[in-house]
Asker: 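First the structure, which I've put down as structure tokens, then a few questions once you've had a look.
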Amino acid sequence: MSAHIIDGKQIASQLLDDIKSSIDQRLKSGKRAPCLAVVLVGDDPASAIYVRNKQIACEKVGIVSKAHKLPSSISQTELFSLIQQLNQDPSTDGILVQSPLPHHIDETAILALIDPAKDVDGFHPYNIGLLAVRQPQLRSCTPYGVIKMLQASGINLKGLDAVVVGVSNHVGRPMGLELLLAGCTVTSCHRHTKDLAAHLLRADIVVAAAGKAGLIKGEWIKPGAIVVDIGINRLPDGKLAGDVEFEVAKQRAAYITPVPGGVGPMTVATLMENTLKALELREQK
Ligand code: GUN
């Protein structure tokens with residue numbers, strides 16, 4: 001068997017087209033375009049690429065993006081006051097602070113300072129809490145993007161045994177909550193998990209979010225399983241790879257996402273969706 005390769009680029013492109021139509025409709029009826037503030041601190045090259053991709057997507061769908069490029073020497077107090085200013089600015093609908101931040105800045109405190117109504121990354125504890133109590137509003141982009149991608153592929157998640165590998169605040173934990181909301185029986189695996197292979201061998205769906213190239217061996221995939229690889233790892237030869245041994249896993253899985261071209265484009269598309277949604281929710285208040 002060779003798995004169906006889920007084309008995240010194509011699914012994301014369809015989602016971006018839908019968002020563009022909604023924004024065009026707004027403009028036709030005299031309403032304004034959504035506006036996303038993008039905060040980039042320092043000169044991490046990977047972060048610069050991610051931010052650029054997000055800005056390109058904004059241009060595509062008609063979201064105004066306002067860049068705040070700051071030196072890595074910025075103090076926590078200065079960053080705090082920028083966030084407060086953006087929170088209070090009625091023309092800013094979404095605030096994205098690209099992670100990672102320099103070590104002298106308390107990232108948790110910065111993310112918690114963002115107005116939850118403008119938290120288009122879906123990282124704020126309030127928004128994660130809403131997802132936990134089945135009232136999601138602004139949902140963490142990558143986990144939400146995974147769910148949308150599986151739905152677009154015609155996959156019914158109800159009743160599936162799901163295993164999430166990785167328990168980060170931004171990805172693994174909200175991913176588990178999304179799968180629970182979708183009706184899966186969810187297991188979270190992490191560095192203290194005793195027998196990762198045993199959990200994976202009985203998983204109907206595996207979501208890899210550990211950030212370790214090749215951590216998940218192809219022979220640990222149950223025949224016919226769905227494999228979603230969120231890992232983006234830079235190999236010594238400069239190529240990108242996920243967390244799953246793709247070539248072996250794809251011979252066993254029914255569906256698999258590639259890296260690159262799988263989950264990555266969905267994260268950007270759901271960020272656009274969240275930015276439009278943040279504006280619409282604030283308009284309803
Ligand atoms: N760094 C890596 N991925 C992301 C993301 O989705 N959002 C933010 N804010 N930072 C990131």
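Quick note: numbers below take in every heavy atom, side chains included, and nothing from hydrogens, waters or symmetry partners. Ligands are counted one by one from 1 in listed order, and the atoms in each one are counted from 1 as well.
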Asker: Which donor-acceptor pairs under 3.5 Å do the side chains of residues 48-68 make with protein atoms, sequence neighbours left out?
Answerer:
from  : atom 1 : to    : atom 2 : distance (Å)
Lys54 : NZ     : Gln98 : OE1    : 2.8

Asker: Start with the C-alpha distance between Leu86 and Lys118, add both sets of side-chain angles, then the distance that settles side-chain contact (heavy atoms from CB on, under 4.5 Å), and finish with yes or no.
Answerer: CA-CA 9 Å; Leu86 294 171; Lys118 296 188 178 188; 5.9 Å; no
Asker: Could you check whether atom NZ of Lys217 has more than 12 heavy atoms from other residues, nucleotides or ligands sitting under 6.0 Å from it?
Answerer: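 Correct, the count exceeds 12.
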Asker: Rounded to the nearest 0.5 Å, how far does CD of Glu78 lie from CD1 of Ile105?
Answerer: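 That separation rounds to 9.0 Å.
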Asker: What does the N/O contact table under 3.5 Å look like for ligand 1?
Answerer:
from     : atom 1 : to     : atom 2 : distance (Å)
ligand 1 : 1 (N)  : Gln98  : NE2    : 3.1
ligand 1 : 1 (N)  : Ser99  : O      : 2.8
ligand 1 : 7 (N)  : Asp121 : OD1    : 3.1
ligand 1 : 7 (N)  : Asp121 : OD2    : 3.3
ligand 1 : 9 (N)  : Val97  : O      : 2.9
ligand 1 : 9 (N)  : Asp121 : OD2    : 2.6
ligand 1 : 10 (N) : Gln98  : NE2    : 3.4
ligand 1 : 10 (N) : Ser99  : N      : 2.9

Asker: With rounding to the nearest 0.5 Å, note down the distance linking CG in Leu79 to CD1 in Ile110.
Answerer: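 One gets 4.0 Å once the value is rounded to the nearest 0.5 Å.
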Asker: Once you measure the plane-to-plane angle for Tyr255 and His4, does it fall in the parallel (<30°), tilted (30-60°) or perpendicular (>60°) bin?
Answerer: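 If you compare the ring of Tyr255 with that of His4, the planes turn out perpendicular.
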